[in-house]
Amino acid sequence: MPSGSFTFGDRPAPPAGPLFAHEPSRPMNIYLPIAEMSESVLVLLGMGAAVGFLSGLFGVGGGFLITPLLVFTGVPAPVAVGTSTAQLVASSVSGALAQYNRNNVDIKLGSVLLAGGVVGTLIGVEIVRILRQAGQFELFLALCYVLFLGVIGTLMLIESVQTVWKARSGVAASSRGRGEHSWVHGLPLKMRFHRSKLYISAIPPLLIGAFVGFLAAIMGVGGGFVMVPALIYLLRVPTNVVVGTSLFQTVFVAAAATILHAGTISSVDLVLAAILMVGGVIGAQLGASAGSQLKGEQLRLLLAGIVLLVCVRLGWDLVVTPAELYSLAQPAGAP
Amino acid sequence: MMRAVALCVMSLVAIAVVAPVMAADGAVVAQAAKKAKPRPAAVPQQPMSTSAPERVEADVSTRTIAITSGYSGAEILVFGAIENSRQPSAESGFYDVAVVIEGAPEPLMVRKKGRVAGLWVNTATFNFNAVPSYYAVASTRPLEEFADAALLDDNGLGLEAVRMSAAADSAVRVSSEDLIAFKDAVRRLKQSADLFKRADYGVIFTGRSLFRATIALPATVPVGPLTARVFLFHEGKLLSKYQARVVLEREGIERWLYAFAFERPFLYGIAAVLLALATGLIASAAFRRRGT
């Protein structure tokens, strides 16, 4: 009798009997090395394309949609956040470059925002690590998303409904009056920002940058939805410079967040990120051309609807009694 | 090499067939009486004092499972043979065989949700020092039908007998009922993730001494060594056991990426950013050219 050391060599294994129900091999599946799971390439490409389409359509980063979508697919929450920061670099760099070529970027203001952003990112990544050890990261992420998406979705809904209603009733939407000075202008450390025609304290942009960097690190979002209104309403940055400067800052903050996520908790899955990026850039182009067919108010109403839907879906899981009260995790310290 | 097994088995079969014929002829009765006489399944209770003891030997179809980008789970075929089989046919059910494939023990944390201010929050945790990452048991019929609970437990056979050692700091904190609840939760969650499973009729005999079982590994089985154990039972007694190893390892680009991510994490992060920058710039350049 041979002693148990024989192998089949290259001979194909005999066909399986009616034993274990085995999954049929799915040739379109791809193994994600960091997420440690196998997922259909088509599903991931479709997700990237759908989010890219929305970001092209609405001009938003789409990070706030990709992270929850990845979590719904079964990707571990930290990997979902880390990977979507990498995807964010790809989706924001082309826009930032286009804005830069049109001289719509205030490099000096962007750098100040960025300096704050890097600090915020460092704090955010550290908080992710602590919460992950405490087992509360998923909850924290869900709460952050519910809060932000809820607030932003509601504000957008109110604004777009008002605009649509005013347009219907024939009253021109009044442009927001610009205050001469606000409390922002009373702070020390004044700097001159030539491109934005501003002479203001460096503290508010630093704080705004830090907050946005913090959001990028914990939620995997670009933070354009916080940055753009803050620059317009708090700092009075001219509208044509706002988007470019925000995108400029997003590229670097997302890059910093990616490196920190990869460096501290190894949570960036390059295979997953690459697929999302490819889907994303295709979707974004389609979305941009579709966007030119629709009116601004209709677009905002639609986006508000999507944002609120994601919010409700995430909030629902927190409130409804779960079918399974237990969950398994790798203990702290293990990869 | 399969042929070698087949030859062995055939020679065993030949002896088994020839021996009773000779006995019936009465030519070599004395010799035949001393020799191993195959008995039909109907009279297995007679002690086989003169027969050689059965031994089980087994192997797995693949010693190394490569995890590449196309990996979506694998199938392990465990096959083996019983030396000195007294079984008259593959269908007789004379022997019972159980096959266990087990992943490396690893620390595991179980969390329990509780309601805090209307929200479902993780409120309790329990640590295990070692729980197998994967556990599959296949047998010729339900384990409980051919072996008693103590024997199954001693050999770590069956989902109830999977070795789970609680961490000391967690064990002292909870009551025994809670400990059972946490262990049950591990079994339930691992089963729903396809990482713990049992197949009561998963082992089949394909000959008097040959048997085999196919066990599917889902893609989520953690990378690492796996052990395949084979147990041979007859009438509630464990006659023989055998162990083989399977290694699950990343290969090609997956292996390289994983090592890169965990051994040079900051460099990996920089590479991720460069990849993202390149993708974004190439895509926008490509679309701009097409657009204009």
Side-chain angles (χ1 to χ4, degrees), chain A residues 1-2 4 6-9 13-14 16-17 19-20 22-23 25-27 29-31 33-34 36-38 86-87 89-91 93-94 97-98 135-136 139 255 258-264 266 268 270-271 273-274 277-278 281 285 318-319 321-322 324-331 334-335, chain B residues 1 4-5 8 57-59 61 63 67 69-73 75 77 83 107-113 118-122 125 127 138 185-186 189 199 202 204 213-216 219-220 222 242 244 250 254 257-258 261-262 265-266 268-270 272-273 275-277 279-281 283-284 287:
Chain A
M1 204 63 151
F6 49 84
T7 59
F8 277 116
L19 310 169
F20 261 94
H22 79 278
E23 289 180 48
S25 67
R26 287 163 299 184
N29 269 28
I30 190 154
Y31 185 77
I34 305 298
E36 295 203 300
M37 55 183 284
S38 174
Q87 132 88 14
V89 175
S91 65
V93 69
S94 58
L97 197 70
Q136 303 296 354
L139 170 78
T258 306
I259 293 170
L260 287 170
H261 269 287
T264 53
S266 291
V268 179
L270 267 184
V271 176
M277 284 174 205
V278 171
V281 291
Q285 300 297 327
L318 289 177
V319 180
T321 305
E324 175 63 82
L325 287 178
Y326 294 86
S327 61
L328 301 181
Q330 296 294 323
Chain B
M1 291 308 244
V5 186
C8 267
E57 284 192 289
D59 201 359
S61 53
R63 286 293 178 81
I67 297 186
S69 53
Y71 181 72
S72 61
E75 219 165 53
L77 171 70
E83 231 178 306
L108 187 69
M109 183 190 272
V110 190
R111 298 201 177 105
K112 191 188 177 192
K113 283 200 176 78
L119 299 176
W120 287 94
V121 179
N122 289 325
T125 55
N127 284 302
V186 172
L189 289 163
I204 51 163
T214 318
I215 290 173
T220 43
Y242 195 88
R250 293 183 176 82
E254 307 295 308
L257 273 178
Y258 189 84
F262 281 91
F266 280 98
Y268 177 90
I270 292 166
V273 169
L275 174 79
L277 288 175
T279 314
L281 292 176
S284 69
F287 277 102

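Throughout, protein chains are lettered first and strands after them, A, B, ... in sequence-line order, and every chain is numbered starting at 1. Computed from heavy atoms alone, side chains included, the values below leave out hydrogens, waters and symmetry copies. Since the model is a prediction, treat every value here as computed from it, not as a measurement.
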Interatomic distance, B:Ile215 atom CD1 to B:Glu75 atom CD [nearest 0.5 angstrom]: 10.0 Å

By side-chain contact (heavy atoms from CB on, under 4.5 Å) - contacts of A:Ala86 (at least two apart): A:Thr258, A:Val268, A:Ala273, A:Met277

Could you check which of A:Val281, A:Val271, A:Leu270, A:Val278 has the highest count of heavy-atom pairs closer than 4.5 Å to chain B? A:Leu270

Top of B:Leu275, B:Leu277, B:Thr125 for chain A proximity - count of heavy-atom pairs under 4.5 angstrom: B:Leu277

Applying side-chain contact (heavy atoms from CB on, under 4.5 Å), name anything that partners B:Val121, two or more places apart in sequence or on another chain. A:Gln136, A:Leu139, B:Val116, B:Leu119

Contact winner vs chain A - B:Gly280, B:Pro265, B:Ala272, heavy-atom pairs under 4.5 Å: B:Pro265

Segment of B:Ala261 engaging chain A (4.5 angstrom heavy-atom cut-off): both

Straight-line distance of B:Lys113 NZ to B:Asn122 CG, nearest 0.5 Å: 5.5 Å

